[in-house]
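Notes for the one structure printed next.
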2 protein chains.
Amino acid sequence: MSAAHPTLEAVAAHAGVSRATVSRVVNGTPGVRPELREKVKRSVAELGYVPNSAARSLVTRRTGAVAVVIAEPETRVFADPFFARQLRGISRELSANDLQLLLMLVEEEADYQRVGRYLAGGHVDGTLMFSLHANDPLRGIAAASGLPTVFGGRPWWPGWEKDDSLVYVDTDNRDGARRAVRHLAESGRRRIAVITGPLDQTSAVDRLAGYRDALGLEEPDPALHAHGDFTVDGGARAMAELLDRSPAPDAVFAGNDLMATGALRTLRARGLSVPEDVAVVGYDDLDPAAWADPPLTTVRQDIVHMGEIMARLLVRSLNDAQTPVSSVVIPSELVVRGSA
Amino acid sequence: MSAAHPTLEAVAAHAGVSRATVSRVVNGTPGVRPELREKVKRSVAELGYVPNSAARSLVTRRTGAVAVVIAEPETRVFADPFFARQLRGISRELSANDLQLLLMLVEEEADYQRVGRYLAGGHVDGTLMFSLHANDPLRGIAAASGLPTVFGGRPWWPGWEKDDSLVYVDTDNRDGARRAVRHLAESGRRRIAVITGPLDQTSAVDRLAGYRDALGLEEPDPALHAHGDFTVDGGARAMAELLDRSPAPDAVFAGNDLMATGALRTLRARGLSVPEDVAVVGYDDLDPAAWADPPLTTVRQDIVHMGEIMARLLVRSLNDAQTPVSSVVIPSELVVRGSA
DNA sequence: TCACGACATGAGAGCGCTCTCACACCGTTC
DNA sequence: GAACGGTGTGAGAGCGCTCTCATGTCGTGA
């Protein structure tokens, strides 16, 4: 066993060449005689040389790291494996490009400051940001840092449409909702209700828009519209409200699977059968959707792929800052099971 | 607005002191006159100075980063928010100590090599590792890197008990299982079956041991023992097997909530009622456990806290390499709901 | 044979920081 | 008044790397 951490210098001495040549070989820079290149490579292997990233990034001004910032209330992150999937895709793509994934979870006000300072400090080459709420400070932080940034999910703040520096990756919530509701309509349902998520999140808004599209409505019928908050309990409560109004719905489109699960619970408690009395469609295709009784008809989105695309866009703008990249919307797909 | 990234030198010039003094102030080293200290601090604020971490770690040999390595098949990571919770706890504790969280997800053989090289390269100060399977190469990689390491979940390989360099944090699976099964026995159940997870994972093994403890058994009755694989379908299948044998069980302890959910499904399909005909207890207290019908009696473990403890142990050994830290086992708690 | 360009290699500066060491200055003691 | 220790500050080396530039070597054409 040789020294713990041999330096470029040591490899150079071992191979009988200069530091510069070893550097060229290690970095794959052309212009080194093949035989010399081989010799150096052997020395590298023999000594177990690993470049010191601190020294490298000190001179290159590149860190080889990307920050993934997730600003989410506990509930959302815990209730579904959304971020785990997302991270999986991101991780794959980043490591394929020799980039490290620096995870920053934001919970409280102070965390925003910490993240802001960190990003502005130039410790990473770019960032991937998740925040589902309107007017989240993350946008400002990203802008202040001057770092290439890709958002997960369409962000939302006044005038975002005009901001062409904004790059995001989102699933096609509107189209997915459209498909789900159209499916209900086509199977003969006439009084299709909707349970919406928090309307300060674009996903909830877009899904409601898809519902309106499918039914050709300017505004949903107030009697057929209830608010959940993307939680099981919220869905159960919303379903109860809907049943207490008239006309009673013969179908429900829930803004996500959690709320659909809650709706199922209420329906069961009221002695109504699904899908005979009331058809139910969810959104997200979480694992529990398939375990539900009856199994949920829902909308699937390829979340892992969404993560991959985010990372890919970022990598592209990292490698070529000139050519701007544009946002991507991933298609959604209806999964028909027993509930509708 | 001043230069994008002012250096120590610039701050020194601005404050009219030497680089060394600024460094002392920035790092909180004592031995600087209070008035000078204030002056320097003002300059730092005014110029928006942020230390360059590359330069710093080049000389200190400290990176200020910790790698979190997760080697898990997709299924586990996706099916439950276990790691999301874990990461939450880890993230909190690390950022409280000004350490960065570097996430490395291992999926295939090649990833192990990549991680091994990276860790050996001295890019991080320590590692937190997750791997539930026997003989996972992670242990070797950790050892080879020479980095302080804390494992999540008790690892398992030949002779691990004698390896006192090993530090892990785990929940008390054995005791949790004991409580769960004792609860079944105390409510008058006589034929308590067990559905086990993959027995190459310590959590599955320990939960089985707890089952034996509670019943005072050397080995479980083969007729009352079935294998799931920690999945819903596995649990459903195992439950069917158990019901086809005799004597039919009047209670089931499932090694996790997923399998318990599957068991519930089979019982419902067979027209058996829970808990009247068969009582069911799960493990983990995932969110879907509470949504099940009937809601699952299960065992809760404080996963966020587990993450915090892992990070805390690592931080401690980072700050004081002399004093060894010892493993920690987090208590588990029975949550009684409708299913048993 | 000589001038020339193409190509391969080495020398050396410098990235921004920490840390050791030398030095200056002060108050104390004999 | 000289010697002393304590304290605060600055000078400067050096961490391991990249990258520019100078230098050396070769093949080609006149």
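Residue numbering restarts at 1 for every chain, and letters A, B, ... go by the order of the sequence lines.
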**OP:** List the protein contact pattern of nucleotides 16-28 of chain C with one symbol per nucleotide (5' to 3'): B for base contact, S for sugar-phosphate-only contact, - for none; contact means a heavy-atom distance under 4.0 Å.
**Re:** BBBB---------
Original post:
Phe83(B) vs Phe130(B) aromatic rings, parallel, tilted or perpendicular, using cut-offs 30° and 60°?
Top reply: perpendicular
Original post:
Does any non-hydrogen side-chain atom of Met129(B) lie less than 4.5 Å from one of Thr149(B)?
Top reply: yes
Subject >> Arg37(A) CZ to dA8(C) C1', straight-line distance once rounded to whole Å >> reply: 11 Å
Subject >> Interatomic spacing from NZ in Lys41(A) to CZ in Arg37(A) - rounded to 0.5 Å >> reply: 6.0 Å
Original post:
Between Ile141(B) and Tyr112(B), what is the shortest heavy-atom contact and its length?
Top reply: CD1-O, 3.5 Å
Subject >> Side-chain donor/acceptor of Ser57(B) to backbone N/O of Thr63(B), under 3.5 Å >> reply: no
Original post:
Can you tell me if the side-chain N/O atoms of Thr21(A) get under 4.0 Å from OP1 or OP2 in dG10(C)?
Top reply: yes
**OP:** Starting from C1' on dT9(D), measure out to CG on Leu36(B) and report it in whole angstrom.
**Re:** 8 Å
